[in-house]
Structures are given as C-alpha cells and as structure tokens.
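Both counts, for ligands and for their atoms, begin at 1 and track the order of listing. This structure is a prediction, so every number in the text was calculated from the model and none was measured.
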Amino acid sequence: MEDRKPLKIGITCYPLIGGSGILATALGHELARRGNEVHFFSSSRPVRLDLSQPRIFFHEVVVNEYSLFKYPDYTLPLAVKMAGVAREKHLDVFHVHYAVPHATAAYLAVQMLGGRSARAPKIVTTLHGTDTTLLGQDPSYREAIEHALSESDAITTVSESLRRETLETFDLNKPVEVVSNFFIPAVPTRSRNAVRAELGVGEDEFLIVHTSNVRPPKRIDLLLRVFAAAQSARLMRLLILAGGSFAPHMPLLEELAITDGVIVKENVLDVEEYLAAADAGLYTSESESFGLSILETLFHAKPVVAFRVGGIPEVVTDGASGFLHPFEDIASMSASLRRLAESPTLATAMGKEGKRQAEARFSAEKIVPLYEEIYDRLVPCLKPGQSGR
Ligand code: GMT
C-alpha cells in the first residue's frame, strides 16, 4: 500500500438502497483512506457516502426532463459529467458498478475525451448480478452490455458463480476476474437489549432477521412461508428490514396468520444494530450473485439459513456458518430454523464460525488491494518525480 502511486478514481453507482451502490461506496471510502482520490458520480449522494472523509468528492448528475422526451435520459448527462470531471481532474480510472447504463456511459465519456489513449481513464466494470442475470438475457439490453464490456479495460464479477454466468451470457474478448464483495462492520451504537426493547422482542425469543430490497427475486412469499412453517417451542419472531415498500406482501402475512410474529421496518438505513441484536438470518432469494446482506449478517456473528442458489454457497458454508437448502424446500429450511432456535449453543457456535470465515475471506484488507492491483496494471506507470496526470 505504501509504495504504490495513489490514483484518481471515478466511481459510478446507483445511489439508493442496493448492494452494488453500498459496495461501491464502501470501496470508495477504503480507496480514499488508502490515499487515492475518489470521485463519485450518481444522480444523488449515495446513501452511505461520507463526504467529510478526505479525498472523497461527489458529482451529481442532473437529469433534464425536456418536454420532448417521454422518458428522461440519464446515460448522456452521466457520460458528459464523467468526461468533464475526468478532463478537469485527470482521472486515471472509471470504475463503474452495475453495467447498465454505467459501463456504456464510461465508454461514451472516453470517446468524448478523444478515444482510448494513454491519457483517457481506463474503464473497470464490475458486474453485480442482475445486470447479467436479468438484463443480459433481455434482447433490448444484451448487445449494449456486451459492447460496453468489450470496451472495458477490465471486467470483474463479485462471485465465481456470476463469472460463469457472465461467460455463458456474453461473447467477450477479455478475461473476467472475480473480486468478491467485502464488508466492514460498524460498531453498534445501541445495545442488543435496547434494540430488542424498541422492537418489543424479549431476550428469550429467537429473533430471525431478513434484510433486502424486498423486490421479486428476494421471494418474500417464501420467506413468510418458511417462517410460518418454522414455529417451535421457543417463541420466534421475524424482523424484516425492507429497503422498499412492504405493502404488497401484507396480504400474505395475514393469510398465513403470522402478523403478530413478524416485525417490518421499512427504509432503515442503519441495519447493523438490528443485525447485531438478532439470533440468525433468513434469506430466500431465487437468485443472488453474492448476497451482500448475507455477508453483513455473518459479520455480525449470526448463522444464516438460505437457499443454495447463485453465489450464496461461496459466502455461507453449509453446516458450518449456516444451513443451505435446495430452492423452494420450505420444510427443510424451517427445520433448520427450529434447530437453531432450540439449540442456542449451536446458533452461537455457527455465528462465531461465520464471522471468522467472513473476516478471513471478505475483509476490506483482503479485497480492496485486489481492485488496486487491477487499476495499477491498467494505468501507465509514471516516471519517478511525476506526481500525476
Ligand atoms: O439485490 C439486488 O437486486 C440489488 C443488486 C444491486 O446491484 O444493487 O444486488 C446485486 O449486487 C449485490 C452486490 O454485489 C449482490 O450482493 C447481490 O447478490 C446482487 N443481487 C442479485 O444478484 C439478485
């Protein structure tokens, strides 16, 4: 870290609740802490971005709603903003998180700067999941994503599973590298008892936590059905930290008669104190390239019960840090929850093992240098005495 030349890096991401924006923000913070200058591009300040940190800058992309346009355009103002800042600040790298439309905007920005040359920023595109698994299959997007990836100088995915899917989906002219997600847990500001008191959950109750954007791939229907089937001698509660409206799922809560057991909190930005106050995590996604929320749960020493889909088996070790089950196997999943609820010793031991594995494999110290190595490989070396472009 000490003997490398700090770089000027432009990070483009979505600003609101979503794994790719959260990861991009944490990466920017770490890169700046390590001496790099980091410029964020987004339509509003990413929710977790701390602008008081040295070497962090934010460039808002303003979308004009011209009356001629039926749909506002974001890609062109983003590209123009990226080109303008790169020109003025001499950026070395554009690191875009989530291909659509960020990788295309980066390509356009480089074209506006005169095309690929030693002076234009290098483009690193990190695929996060649905940009490959959903949009990559959509005929209206596939070719544009493939083009932007082919014009990127490096492509990364957040798991081996997403790498395989990317290679199956797109015809690419360069390798796809895996750089896993990472997480830095915050120190909770409230005690477990204080958080449980706020939720109305007793110390002896088994508190299961689920945190997600509650969009269709998260399969909230299965989440509720697993919880409904899991009731045991020990009182169980399910806390859902929803990064969006939970209203569409309320009828199923009532149909399953679990309204009293389920606590829903919408648009919670600071999920960590709730993770720390829980006893286990439950995730029922039908596809998940990595599962950043799952990693956050492991970092708070809670065992995770999930389906064996996508990149989740790269994050959770079945039988050690949690239990993985075939997709839609509600009965075996609810049995695992009961097992954890009825054996606090097992739940604590698995939680500790999950935290140990998460720290060993997905810490910032381990992952962030992997991105720096990619940047350093792409950016032309300066001669001694030169400070930057
Ligand atoms: O979960 C989402 O739909 C949001 C999406 C995103 O790009 O913000 O999440 C994806 O990226 C996360 C960060 O890399 C991954 O942890 C999630 O697994 C991934 N989601 C899916 O693959 C469905």
First-shell residues of ligand 1 [heavy atom, distance under 4.0 Å]: Gly18, Gly19, Ser20, Tyr98, His128, Gly129, Thr130, Val158, Asn181, Asn213, Arg215, Lys218, Ser287, Glu288, Ser289, Phe290, Gly291, Leu292

Pairs where residues 267-277 contributes a residue and the test salt bridge (charged side-chain N to carboxylate O under 4.0 Å, His left out) is met, not counting sequence neighbours: Arg190-Glu273

Distance-only donor-acceptor check, side chains Glu342 and Ser232, under 3.5 Å: yes

With Lys81 via salt bridge (Lys or Arg N to Asp or Glu O under 4.0 Å) - residues at least two apart: none

Test of ring centre spacing under 6.0 Å for Phe40 and Phe58: no

Salt bridge (charged side-chain N to carboxylate O under 4.0 Å, His left out) contacts in which one or both residues fall within residues 149-159, not counting sequence neighbours: Arg116-Glu151, Arg116-Asp153

Polar contact flag, side-chain donor to acceptor under 3.5 angstrom, His97-His128: yes

